[in-house]
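The next block holds one structure in the form of structure tokens; read it before the comments.
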Amino acid sequence: MSASMSQVPVGAAAAVLQPSEPIPETAVAVEGPDFEKDFSIQELLQTYERIGFQANSLGKAIDIRKWRLSDEPVSPDEPDEYADSDVRARTRCNVFLGYTSNLISSGLRDVIKYLVKHKHLSAIVTTAGGVEEDFIKCLGKTYLADFKMDGADLRRRGMNRIGNLIVPNDNYCKFEDWLLPILDIMLAEQKSSGEVWTPSSFIRRLGKEINDENSVYYWAYKNDIPVFCPALTDGSLGDMIYFHSFRSPGLMIDIVGDIRALNELSRKSRKAGMIILGGGVCKHQIANAMLIRNGADFAVYINTGQEFDGSDSGAQPDEAVSWGKIRAGAESLPMLPWSFRYW
């Protein structure tokens, strides 16, 4: 055998065995949780920061709630009210949570209820279904089913399918029986006071009336956390308001009051973070409120949308930067179904 046949080709060896540059001392090695040890849930979630891929981003997302104004030095032009060390320690990031109705239909409703009950949120933006399904669950149960059930058969049986969940239509009948008398009272109060309801004051009142600790919006009422719903009539609530308008016309719901309240809450936040679970109106309403303050300081998008169709639901964080809805100059970590901005 010739010498050339027994030697590794120089070009191939150089390509395969390319030497690495020295690793910086600040580099973080990939490492998973060691289940030989006992973990609290908090300690387990902290390990996600070193797992990589989407787990890494989840670990970073948890840091939103850790920020306090005391983490930053007092600036020369700091208002007097924020110069006090105790005030700075108590001033945290205002978290605006947006979600679609399917999350309330599912068992994740209980996670959202926990966040509201323990005051981890400053404001909520959701859809009509995201409101009504919470109250409907207080009146009747939602059941596990299957994605492939026959729609015509379900309609004949009075069963409504949400993905692989089933809601008996009787639950919506119970909702009507519960809601319409409340609408009568709200109309009478409007006429006597001259004050028009807004979607958020409407939801707050329903949270008070349901008086059920299983309800997300009961706790929002108790803890004075505003719930905004720009498309309040886009669901069963709209059906009930429609029916009520024939029986007792005159109930008015003012969306202008709410856009001012949401935008002002955003504008006055020292730090503002948005967590968007899903897309559509709940995503853009919060993002647009962030524009009023020249962008959110923190943002987490969790959805299955794709950006190639030009929809806001699938838009990546950097698109929001171009509109001034997320602040410029921040690190961007877009991925599907997770997208993050500014950590």
Side-chain angles (χ1 to χ4, degrees), residues 61 64-65 67-69 71-72 75 77-79 81-82 87-88 90-100 115-116 119-127 130-131 196-204 220 223-232 253-303 305 311-332 334 339-343:
I64 280 186
R65 286 293 300 170
W67 181 89
R68 287 178 171 81
L69 185 56
D71 296 338
E72 299 183 356
S75 64
D77 58 347
E78 192 80 77
E81 62 182 305
Y82 290 113
V87 172
R88 296 178 71 82
R90 292 195 303 269
T91 302
R92 306 186 70 171
C93 177
N94 279 345
V95 177
F96 295 71
L97 175 66
Y99 52 83
T100 45
L115 296 175
V116 176
K119 305 179 182 180
H120 291 302
L121 305 173
S122 302
I124 291 171
V125 177
T126 189
T127 60
V131 174
V196 176
W197 297 92
T198 64
S200 62
S201 65
F202 182 94
I203 296 164
R204 175 181 168 82
N223 292 331
D224 201 24
I225 296 171
V227 180
F228 301 99
C229 184
L232 185 69
I253 300 176
D254 172 29
I255 62 171
V256 177
D258 264 8
I259 194 60
R260 175 165 177 158
L262 176 60
N263 287 355
E264 282 293 280
L265 181 58
S266 168
R267 184 179 68 84
K268 294 177 180 178
S269 298
R270 284 303 300 259
K271 287 278 192 211
M274 52 179 178
I275 301 175
I276 312 296
L277 311 178
V281 68
C282 72
K283 179 182 179 185
H284 189 258
Q285 187 75 89
I286 293 177
N288 204 67
M290 294 296 121
L291 173 61
I292 302 300
R293 64 185 308 277
N294 198 32
D297 299 291
F298 306 97
V300 180
Y301 294 170
I302 303 177
N303 63 61
S311 67
D312 182 72
S313 293
Q316 295 295 290
D318 199 55
E319 183 172 319
V321 174
S322 77
W323 289 90
K325 297 168 184 175
I326 297 176
R327 295 199 171 185
E331 179 186 3
S332 179
S339 296
F340 299 86
R341 182 76 193 184
Y342 195 51
W343 298 104

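One-based numbering along the sequence shown.
Remark: side-chain polar atoms of Ser269 are paired, donor with acceptor, to backbone N or O of Leu265 under 3.5 angstrom. A distance-only check finds a donor-acceptor pair linking the side chain of Lys283 to the backbone of Ala315 [under 3.5 Å]. Side-chain N or O atoms of Lys325 include none that pairs as donor or acceptor with a backbone N or O of Met290 at under 3.5 Å. Without hydrogens or angle criteria, Arg92 side chain to His120 main chain gives no donor-acceptor distance under 3.5 Å. Here the side chain of Asn223 pairs a donor or acceptor atom with the backbone of Val116 at under 3.5 angstrom. Within the 3.5 Å criterion, the main-chain N or O of Gly257 finds no donor-acceptor partner in the side chain of Thr198. The main-chain N or O of Ser200 is found under 3.5 Å from a side-chain atom of Asp258 such that the two form a donor-acceptor pair. Looking only at distances, a side-chain donor or acceptor of Ser313 sits under 3.5 Å from a matching main-chain atom of Gly280. Checked by atom type and distance alone, the side chain of Arg267 never pairs as donor or acceptor with a backbone atom of Ile292 at under 3.5 Å.
Rounded to the nearest 0.5 angstrom, Ile253 CD1 and Ile203 CD1 are separated by 9.0 Å. Distance CG/Asp312 to CD/Gln285: 11.0 Å, rounded to 0.5 Å. Taking CG from Asn303 and CD1 from Ile276, the interatomic distance works out to 9.5 Å, rounded to the nearest 0.5 Å. Rounding to the nearest 0.5 angstrom, the gap separating the CD1 atom in Ile124 from the SG atom in Cys229 is 11.5 Å.
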Practice task
List the steps and the verdict of salt bridge (Lys or Arg N to Asp or Glu O under 4.0 Å) for Glu264 and Arg260.
Solution key: CA-CA 6 Å; Glu264 282 293 280; Arg260 175 165 177 158; 5.6 Å; no
Problem - Audit row: Leu262, Phe96, side chain to side chain contact (heavy atoms under 4.5 Å, CB included) steps and yes/no - result: CA-CA 10 Å; Leu262 176 60; Phe96 295 71; 3.9 Å; yes
Handout entry: Verdict with reasoning, Trp197 to Leu232, per side chain to side chain contact (heavy atoms under 4.5 Å, CB included)
Key = CA-CA 12 Å; Trp197 297 92; Leu232 185 69; over 6 Å; no
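Shown here for Lys271 and Phe298, the closest heavy-atom pair between the two residues is CD-CE1, 4.2 Å. Between Ala289 and Ser266, the closest heavy-atom pair is O-OG, 2.8 Å. Closest heavy-atom contact between Pro226 and Ser122: CD-O, 3.3 Å. Heavy atoms only, all atoms of each residue included: Val125 and Ile286 are closest at CG2-CG1, 3.5 Å. Nearest heavy atom pair, residue Gly273 against residue Cys93, reads N-SG, 3.4 Å. The two residues Thr126 and Tyr99 have their closest heavy-atom pair at OG1-O, 2.8 Å.
Residues Asn94 and Lys268 fail the side-chain proximity criterion, which asks for heavy atoms closer than 4.5 Å. Residues Pro230 and Ile255 form no side-chain contact, since every pair of their non-hydrogen atoms from C-beta on lies 4.5 Å or further apart.
The number of heavy-atom neighbours closer than 6.0 Å to CG of Leu115, taken from other residues, nucleotides and ligands shown, is above 12.
Residues meeting the salt bridge (charged side-chain N to carboxylate O under 4.0 Å, His left out) test with Glu319, sequence neighbours left out: none.
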